[in-house]
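The chains referred to below are lettered A, B, ... by the order of the sequence lines, with proteins before strands, and numbering in each begins at 1.
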2 protein chains.
Amino acid sequence: MKLTELKAIQLAELFSSLSDASRIRIIAQLMGGEMSVRSLADGLGMTESAVSHQLRGLRQMHLVRARKSGRQVFYSLDDDHVSRLFTLGLDHVQHG
Amino acid sequence: MKLTELKAIQLAELFSSLSDASRIRIIAQLMGGEMSVRSLADGLGMTESAVSHQLRGLRQMHLVRARKSGRQVFYSLDDDHVSRLFTLGLDHVQHG
DNA sequence: TGAATATATGAGCAATTGTTCATATATTAA
DNA sequence: TTAATATATGAACAATTGCTCATATATTCA
């Protein structure tokens, strides 16, 4: 298959976004619906700062989207590509 | 969604395997069928050493498989999860 | 306005990563 | 056996990454 260097880099960046256990766990939580930064941090046992740093990267790669309400920010998965990549990956890990 | 820490780590490792442009280009080449280390290296403009190092990681994650024939080793994609992850990722990068 | 709360961000540091270079192993041919 | 070829591997180094800590911004409430 032919692939421009740019597309290769973009693809690598996309998968990079999913290449850390903390980010995977953030995404797993968001599979259940939108959550605030604090409740993500509480649920994951991470600091809000660490979660916020990770969410920034996920946002930049359009894996999550933010909705502001008052002083909270609720995050959710951006589109269904994300959960499809997630479950396809889980498939690969579980079977063969 | 609930996810054990082990599964989170395994998923992250899987996506890590796809998180580098060189590895993405190796996989793109292998979408066309099996290739030797040398022809991969030639086609990608990488040294055989660099390609071999990367193939080792891909092999360990069961993304590629090796078939030895004489003094050459031919690599191919391990199963269809790989190309499905690849094309799903490409989808995400191209649209939305 | 000022205090409290929720999130974001920059600097800095330890840990990880991808490559090169040198060398090792394995196979074939002479 | 020796030389040549194909691949693999270990060490080392620069570059990147994910966290903590301190601080900044934004919003609500008194």
Practice task
Check whether any side-chain heavy atom of A:F86 lies under 4.5 Å from a side-chain heavy atom of B:M1, and answer yes or no.
Solution key: yes
Exercise for the section: Name the nucleic acid region contacted by B:S16, choosing base, sugar-phosphate or nothing; use a 4.0 angstrom heavy-atom cut-off, strictly under. Expected result: nothing
Problem - Integer-rounded Å distance: D:dG18 P and A:L44 CG - result: 15 Å
Fill in the blank from the handout: Whichever of A:G70 and B:R56 has the more 5' nearest nucleotide on DNA chain D, that residue is B:R56
Handout entry: Basic-acidic side-chain contact under 4.0 Å: B:E5, A:R25
Key = yes
Problem - Aromatic ring pairing A:H92/B:H81, orientation class (parallel under 30°, perpendicular over 60°, tilted between) - result: perpendicular
Handout entry: Boundaries of the chain B footprint along DNA chain C (any atom under 4.0 Å from a heavy atom)
Key = C:dG18 to C:dT28
Handout entry: Side-chain touch B:L77/B:S83, heavy atoms, less than 4.5 angstrom
Key = yes
Practice task
Using a 4.5 Å cut-off on heavy atoms from C-beta on, say whether the side chain of A:I24 contacts that of B:F15.
Solution key: yes
Exercise for the section: Starting from the 5' end of DNA chain D, give me the residue, A:S69 or A:S19, whose nearest nucleotide shows up first. Expected result: A:S19
Handout entry: Spacing of A:K68 atom NZ relative to D:dT28 atom C1', expressed in whole Å
Key = 12 Å
Practice task
Round to a whole Å and report the spacing from CD of B:Q72 to P of D:dT5.
Solution key: 13 Å
Practice task
Send over the distance from A:L18 CG to D:dG18 C1', rounded to a whole Å.
Solution key: 16 Å
Exercise for the section: Would you kindly give the CE-to-C1' distance between A:M46 and D:dT20, to the nearest whole Å? Expected result: 12 Å
Handout entry: Nearest atoms (heavy-atom pairs only) where A:V37 meets A:Y75
Key = CG2-CE1, 3.6 Å
Problem - Distance in angstrom units between B:R38 CZ and D:dA4 P, rounded - result: 16 Å
Problem - N or O in side chain of A:T47 less than 4.0 angstrom from D:dC21 OP1/OP2 - result: no
Exercise for the section: Classify the nucleic acid contact of A:F74 as base, sugar-phosphate or nothing, counting any heavy atom under 4.0 Å across all strands shown. Expected result: nothing
Practice task
Could you tell me whether the side-chain ring of B:H53 sits stacked on the base of D:dT9, using a centroid cut-off under 5.5 Å and a plane angle under 30°?
Solution key: yes
Problem - Close side-chain approach of B:D78 and B:R59, heavy atoms under 4.5 Å - result: no
